Undergrad: 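This is the structure, below, for whatever I ask next.
Bear in mind the structure is a predicted one, so any value in this text is a computation, not a measurement. First the proteins, then the strands, lettered A, B, ... as listed; each starts at 1.
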There are 2 protein chains.
Amino acid sequence: MLVMQTKYGIVKQAIKSKILDGTYEPHAKIPSESEMMKQFEVSRHTVRLAIGELVTEGWLYREQGAGTFCADRSKQQLQHNGMPNKNIAIVTTYISDYIFPSIIRGAEAYLSDHGYNVSLFNTNNDHEKEREYLERIITTGFDGAIIEPTKSASANPNINYYLNLERLQIPYIMINAYYDALEPFRVLVDDEQGAFLQTEHLIKQGHRDIIGFFKTDDMQGTLRMKGYLKAHREYKVPITPNHIVTYSTEEKHEKPVKELEALLNQSDAKPTGLVCYNDELAIKLINVLRERNIKIPQDMSIVGFDDSFLTELSEVKLTSVAHPKAELGRAAGKLILDLIENGQGKGYEAAIDSVVFPIKLVTRQSTQAIGEETLEKTK
Amino acid sequence: MLVMQTKYGIVKQAIKSKILDGTYEPHAKIPSESEMMKQFEVSRHTVRLAIGELVTEGWLYREQGAGTFCADRSKQQLQHNGMPNKNIAIVTTYISDYIFPSIIRGAEAYLSDHGYNVSLFNTNNDHEKEREYLERIITTGFDGAIIEPTKSASANPNINYYLNLERLQIPYIMINAYYDALEPFRVLVDDEQGAFLQTEHLIKQGHRDIIGFFKTDDMQGTLRMKGYLKAHREYKVPITPNHIVTYSTEEKHEKPVKELEALLNQSDAKPTGLVCYNDELAIKLINVLRERNIKIPQDMSIVGFDDSFLTELSEVKLTSVAHPKAELGRAAGKLILDLIENGQGKGYEAAIDSVVFPIKLVTRQSTQAIGEETLEKTK
DNA sequence: TCCGATTTGTTCGTATGTATG
DNA sequence: GCATACATACGAACAAATCGG
């Protein structure tokens with residue numbers, strides 16, 4: 001649904017949300033007009049306008065003297081069912097992220113081969129958008145959904161929608177991250193282990209002052225930070241607090257670069273290694289280092305994450321952590337089809353289970369042991 | 001219709017009668033609200049109630065500032081008994097191509113905002129797959145399709161499917177390229193002009209031996225080759241046949257690199273400039289040059305195509321040709337909605353038209369005039 | 001059956017915002 | 001810039017239906 005800037009639109013959306021997230025069950029009475037007036041601090045006229053439209057759209061019905069009630073859409077649904085065929089929704093945060101297309105492609109290929117259509121939605125990491133799409137998944141009648149959670153590190157305001165999906169027996173799985181409270185089926189990469197490998201690699205090469213850059217508004221970032229810390233503890237390397245740089249999606253273009261520059265300018269505990277949230281950031285930081293004539297890997301070792309095509313692009317090939325991207329999408333497609341075709345009711349089928357993908361380090365030229373001479377590159 | 005005792009019911013009935021008896025013809029303006037107030041001696045609110053219901057029932061439509069008009073009911077019947085849902089298919093060749101996500105995102109954002117679901121299909125540039133998806137689009141009942149043609153340079157064995165789409169009045173548009181025989185609505189970048197700009201730029205800087213690399217299994221590549229040739233002719237620069245390197249999708253990882261190496265090894269007519277099919281190839285070729293210690297731009301100028309984020313990634317920032325990617329997707333979304341909601345039957349509506357996006361050259365550091373000293377980079 | 005409180009239904013008045021021509 | 005027309009919003013009053021006591 002489009003963004004409603006008008007008051008009645010806000011009221012309308014609020015009511016509709018409570019229908020879709022299951023707060024108002026079919027035939028249950030919704031609050032009276034006067035209650036709504038207080039609740040939203042609007043006039044009765046405005047409340048009536050909102051309710052009126054929902055009535056004409058078939059969401060509610062009114063009974064004079066009695067109240068306004070939630071309509072039972074389940075019956076109309078059969079008649080109304082729009083998409084006759086097999087449809088799966090994929091909800092991601094950013095379609096454009098350099099890493100996502102592979103995952104989407106993997107899922108699309110598998111699902112297409114099994115006769116399903118794949119619809120794409122991207123939330124731009126915005127909870128509002130996520131809600132809008134969950135509403136659409138419920139109303140349009142998708143057979144299942146593959147969802148990358150929006151802002152997975154923070155509490156999710158749309159929990160009720162997910163619970164309603166379960167109530168309506170629309171299977172869904174989460175990829176890359178998940179909301180703890182839901183305990184959904186999921187397909188993940190072992191992010192903590194990944195960052196552990198990044199950090200361990202540098203520690204074993206003698207690095208002690210290692211900066212970690214983590215995007216912490218999603219679960220992946222916080223897990224990777226955990227892996228970074230774990231490696232330090234396990235190898236008894238003291239942790240310097242300001243060597244951990246966290247940033248949010250909005251800050252990704254500015255903050256890490258600025259923080260690195262600040263850390264390079266200070267004299268004590270000069271960093272010799274960088275652990276990056278992903279390859280994109282690593283490339284960005286390499287550019288910063290290049291401008292300061294800091295040689296890689298002689299003066300600074302740097303490790304990326306994702307093992308994307310970016311690792312091969314730079315002059316110095318990037319050491320990175322590899323995870324199977326297309327396979328991850330494929331596994332997600334397989335899991336959701338298992339759920340649709342076999343398992344009704346979460347937890348029923350012991351045969352169906354979440355998947356955690358293993359991860360490994362791919363060593364290239366952007367890291368070396370402290371003090372070591374660079375080997376001449378041989379092709 | 002039953003007798004309406006309420007005032008708004010009377011007004012409503014009166015208006016409806018005049019529609020049914022032909023007093024108000026389709027698209028004719030009906031009296032304004034204030035006129036109705038006088039005529040029926042009721043308040044404005046009452047008039048609005050009456051008109052409002054007629055609008056939701058599809059008898060009238062309102063335009064702010066202009067007036068209220070009689071709807072054309074004859075056409076709505078056809079649309080209404082069809083599918084209640086809004087679904088658009090996007091068929092691309094490669095979801096994973098670094099340039100595609102932006103286009104898909106642009107289209108997805110626009111279509112989502114207008115309440116449509118977007119389904120994704122990728123053909124891997126395989127006609128078989130394309131056919132499979134076209135079948136699915138027809139049988140599943142999509143409202144429209146945005147299609148990037150598979151192997152657009154060669155004849156298409158699935159022409160009949162496209163013709164059938166037209167017969168079934170399922171609107172479709174093509175992006176990036178199109179099959180000549182169909183003359184579809186389309187959203188394109190001016191590829192020929194783009195390659196003309198690439199080549200012209202080098203010629204004006206004194207380059208005479210310019211290699212052009214073109215992927216010629218799609219229309220874009222052949223058009224770009226045309227632009228390359230046109231620039232040579234226009235500036236009266238002789239064309240060396242083996243300075244044109246063509247390759248297919250399958251060959252893209254190997255052939256251009258090998259051809260470049262072969263051309264560098266030969267002694268006569270040493271190339272001083274490279275015109276690349278896209279940025280990805282340009283970066284790949286830059287790596288080849290780097291291994292041979294050929295300096296860019298002193299010894300070799302190189303121009304990319306797409307103005308993607310890759311241009312900023314390399315040590316030497318890449319001169320490239322820019323086209324608006326997300327806007328192209330957006331325009332495609334807009335065009336298909338125009339066709340769905342307004343235009344039935346191709347060619348009918350003169351208001352709806354194909355779009356060709358302008359293109360421009362973005363000069364960075366990977367090109368310079370023959371013999372010129374490199375300016376020191378200043379930040 | 002009636003009463004009164006509650007809830008929706010109809011109607012009027014008024015004001016301000018915004019798009020169109 | 002101006003008048004016109006629809007869009008949104010507040011307030012008030014009374015009518016009609018429902019429901020519990």
Undergrad: With A/Asn156, which residues qualify under side chain to side chain contact (heavy atoms under 4.5 Å, CB included), at least two apart?
TA: A/His127, A/Glu130, A/Asn158, A/Ile159, A/Tyr162, A/Tyr179
Undergrad: Using OP1 and OP2 only, check whether a side-chain N or O of A/Arg62 sits under 4.0 Å from C/dT7.
TA: no
Undergrad: May I have the distance from A/Phe69 (atom CZ) to D/dC19 (atom C1'), rounded to whole angstrom?
TA: 11 Å
Undergrad: Considering all heavy atoms of both residues, which atom of B/Asp143 and which atom of B/Pro171 are nearest to each other, and what is their separation?
TA: O-CD, 3.2 Å
Undergrad: Can you check the A/Lys29 NZ to D/dC19 P distance for me, whole Å?
TA: 11 Å
Undergrad: To the nearest angstrom, how far is B/Arg48 atom CZ from C/dA15 atom P?
TA: 18 Å
Undergrad: Just how far, in rounded Å, is C1' of D/dC6 from CG of B/Leu60?
TA: 13 Å
Undergrad: From CD1 of A/Ile51 over to P of C/dT7, roughly how many Å is that when rounded to an integer?
TA: 12 Å
Undergrad: How close or far is atom P of D/dA7 from atom CD of B/Glu33, stated in whole angstroms?
TA: 7 Å
Undergrad: Using the salt bridge (charged side-chain N to carboxylate O under 4.0 Å, His left out) criterion, which residues pair with A/Asp217? Sequence neighbours excluded.
TA: A/Lys215
Undergrad: Which residues pass the salt bridge (charged side-chain N to carboxylate O under 4.0 Å, His left out) test with A/Glu128, not counting sequence neighbours?
TA: A/Arg131
Undergrad: With sequence neighbours left out, which residue pairs that include part of residues 36-46 of chain A fulfil the salt bridge (charged side-chain N to carboxylate O under 4.0 Å, His left out) condition?
TA: A/Glu33-A/Arg44
Undergrad: Would you say B/Thr46 places a side-chain N or O within less than 4.0 Å of OP1 or OP2 belonging to C/dT10?
TA: no
Undergrad: Would you say a side-chain N or O of B/Thr68 is under 4.0 Å from OP1 or OP2 of D/dC6?
TA: yes
Undergrad: Set out, line by line, the N/O atom pairs under 3.5 Å between protein and nucleotides 11-15 of chain D.
TA:
| residue | atom | partner | partner atom | Å |
| --- | --- | --- | --- | --- |
| D/dA13 | N6 | A/Arg44 | NH1 | 3.4 |

Undergrad: When the distance from CD1 of B/Ile30 to C1' of D/dC6 is rounded to whole Å, what number comes out?
TA: 12 Å
Undergrad: What is the distance, to the nearest angstrom, from the CG atom on B/Leu49 to the C1' atom on D/dA7?
TA: 14 Å
Undergrad: For a quick test of reading the model: is some side-chain N or O of A/Lys7 closer than 4.0 Å to OP1 or OP2 of D/dA7?
TA: no
Undergrad: Within 45° of the axis and under 6.0 Å from the centre of the six-membered ring of B/Tyr178, does NZ or CZ of B/Arg186 qualify?
TA: yes
Undergrad: What residues form a ring pair (Phe, Tyr, Trp, His ring centres under 6.0 Å) with A/Tyr61, not counting sequence neighbours?
TA: A/Phe69
